[in-house]
Amino acid sequence: MEIKITEINRVFSESGAVLLAASLDSLAFEGGKGSGRAEKYYREINDRYLDSLEKAVFPRLQGAYISSPDPKVRFKYKRIDFSHRITVQNKTAKYISVTRTVTMKKRGREIAYRLSGDVISQKSGRLLPVNLFISRIRLFRLGRRLKKTLGERVKLSSFYINSEVQIVLIYSSEKNVYECRVCGEVLTKRRKQ
């Protein structure tokens, strides 16, 4: 399968003032049996993000904008920028590995962050589970060791395979997101905000 990443932009405004700007990456797959299934998965993700922005986030921003007693609010209103970025990490004859980063910023300051990874089968277009690459016992031991090392409870949220063909596990806790190699080395730590 060949991969093309295209960008979808949407702007939500009230009385000429932009309250919310959304920029989402969309994956298109060419060739391969599972290309339709994989495209549908990423299309549904983007549709859910746009739907929740339109039905939940924008009405709240619109209500705060309209109810503001300050007549200069149009010029100093802090717009929110939402982005969903997809990065291809690794591609082999058997799978495609990508990471998805979701951020929400208000005047350049990050107010939300989420990182997740997907490994897609080239043959069927389905998401591959982590236990195809690592045994459950090893995952359990690694999670227990990380909890002891980090001093907080962590939960495996997803994984990806990087360009050096190393499995990187994404753990999340109440406040942080961790990227860890299978050997237990913590690569990055990032606050969820």
Side-chain angles (χ1 to χ4, degrees), residues 1-30 34-89 96-120 125-128 154-160 168-179 188-193:
M1 282 191 274
E2 291 300 315
I3 307 163
K4 279 187 179 177
I5 298 176
T6 56
E7 192 173 342
I8 302 167
N9 291 309
R10 255 326 270 276
V11 175
F12 301 90
S13 60
E14 174 66 36
S15 305
V18 176
L19 304 180
L20 178 63
S23 174
L24 298 99
D25 284 349
S26 177
L27 280 181
F29 297 93
E30 294 176 356
S35 60
R37 179 179 284 130
E39 276 183 31
K40 181 181 175 189
Y41 173 72
Y42 289 103
R43 188 173 45 250
E44 285 177 0
I45 289 172
N46 282 338
D47 289 346
R48 284 186 191 140
Y49 281 137
L50 285 173
D51 193 46
S52 65
L53 289 172
E54 186 176 357
K55 293 181 179 173
V57 178
F58 178 63
R60 261 188 274 143
L61 295 173
Q62 190 178 28
Y65 178 79
I66 292 170
S67 66
S68 177
D70 187 4
K72 297 178 184 177
V73 73
R74 187 170 300 169
F75 302 106
K76 63 179 184 179
Y77 192 81
K78 296 177 182 174
R79 113 177 168 192
I80 292 183
D81 294 311
F82 176 86
S83 72
H84 174 229
R85 296 285 162 244
I86 298 173
T87 307
V88 177
Q89 295 290 335
I96 298 168
S97 178
V98 300
T99 54
R100 296 184 290 118
T101 308
V102 176
T103 57
M104 200 175 251
K105 295 180 179 182
K106 193 171 196 175
R107 281 237 176 124
R109 189 178 65 85
E110 199 169 78
I111 56 175
Y113 174 80
R114 182 171 182 217
L115 174 71
S116 57
D118 299 321
V119 179
I120 305 157
R126 295 181 191 267
L127 292 178
L128 298 175
V154 292
K155 181 181 176 186
L156 179 66
S157 59
S158 60
F159 77 105
Y160 66 93
V168 179
L169 304 169
I170 301 170
Y171 285 90
S172 62
S173 68
E174 198 171 301
K175 297 179 182 175
N176 299 308
V177 176
Y178 299 95
E179 287 181 83
T188 61
K189 172 185 174 183
R190 179 113 184 226
R191 284 191 70 79
K192 281 186 179 175
Q193 305 294 341

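All values reported here derive from a predicted model rather than from experimental measurement.
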With a 4.5 Å heavy-atom cut-off, do T87 and V98 have their side chains touching?
no
Which distance, rounded to the nearest 0.5 Å, do you find between the CE of M104 and the CG of D81?
9.5 Å
Any residue meeting side chain to side chain donor-acceptor pair (under 3.5 Å) with T188, in chain and number order, not counting sequence neighbours:
E179
When rounded to the nearest 0.5 angstrom, what is the spacing between OH in Y41 and CD1 in I120?
8.0 Å
Rounded to the nearest 0.5 angstrom, the CG-CD distance for D118 and Q89 is 11.0 Å
Test side chain to side chain donor-acceptor pair (under 3.5 Å) applied to E39 - qualifying residues, sequence neighbours left out
none
Taking S97 for the side chain and V119 for the main chain, is one N or O donor matched with an acceptor at less than 3.5 Å?
no
Candidate pair F12 and V18, rule side chain to side chain contact (heavy atoms under 4.5 Å, CB included), full reasoning:
CA-CA 6 Å; F12 301 90; V18 176; over 6 Å; no
Can you measure from CZ (R190) to OH (Y113) and round to the nearest 0.5 angstrom?
4.5 Å
List in chain and number order the residues that pass side-chain contact (heavy atoms from CB on, under 4.5 Å) with S173, two or more places apart in sequence or in another chain; answer none if no residue qualifies.
E152, V154, N176, Y178
Separation between CZ of R10 and CZ of F82, rounded to the nearest 0.5 Å:
12.5 Å
Might you work through the side chain to side chain contact (heavy atoms under 4.5 Å, CB included) test for K175 and R191, ending with a clear yes or no?
CA-CA 6 Å; K175 297 179 182 175; R191 284 191 70 79; 4.0 Å; yes
Are more than 12 heavy atoms from other residues, nucleotides or ligands located less than 6.0 Å from atom CZ of R114?
no
Decide side chain to side chain contact (heavy atoms under 4.5 Å, CB included) for I3 and F29; before the verdict, give the C-alpha distance in whole Å, the side-chain angles of both, and the deciding distance to 0.1 Å.
CA-CA 5 Å; I3 307 163; F29 297 93; 4.0 Å; yes
For the pair N46 and H84, evaluate side chain to side chain contact (heavy atoms under 4.5 Å, CB included) and give the outcome as yes or no after the intermediate values.
CA-CA 8 Å; N46 282 338; H84 174 229; 2.9 Å; yes
Around atom CD of E44, are there more than 12 heavy atoms from other residues, nucleotides or ligands closer than 6.0 Å?
yes
Measure the spacing between NZ of K78 and CD1 of I111 and express it to the nearest 0.5 Å.
10.5 Å
Would you please name every residue forming a side-chain contact (heavy atoms from CB on, under 4.5 Å) with S116, sequence neighbours left out?
R100, S158
In a table with atom names and distances, give each donor-acceptor pair under 3.5 Å that connects a side chain of residues 19-27 to protein atoms at least two apart or in another chain.
residue, atom, partner, partner atom, Å
S23, OG, E7, OE2, 2.6
S23, OG, N9, OD1, 3.3
S23, OG, R85, NH1, 3.4
S23, OG, R85, NH2, 2.5
D25, OD1, R85, NH1, 2.7
D25, OD2, I86, N, 3.1

Heavy-atom closest contact (A17 atom, Y65 atom, distance):
CB-OH, 3.4 Å
All side chain to side chain donor-acceptor pair (under 3.5 Å) counterparts of Y171, not counting sequence neighbours
none
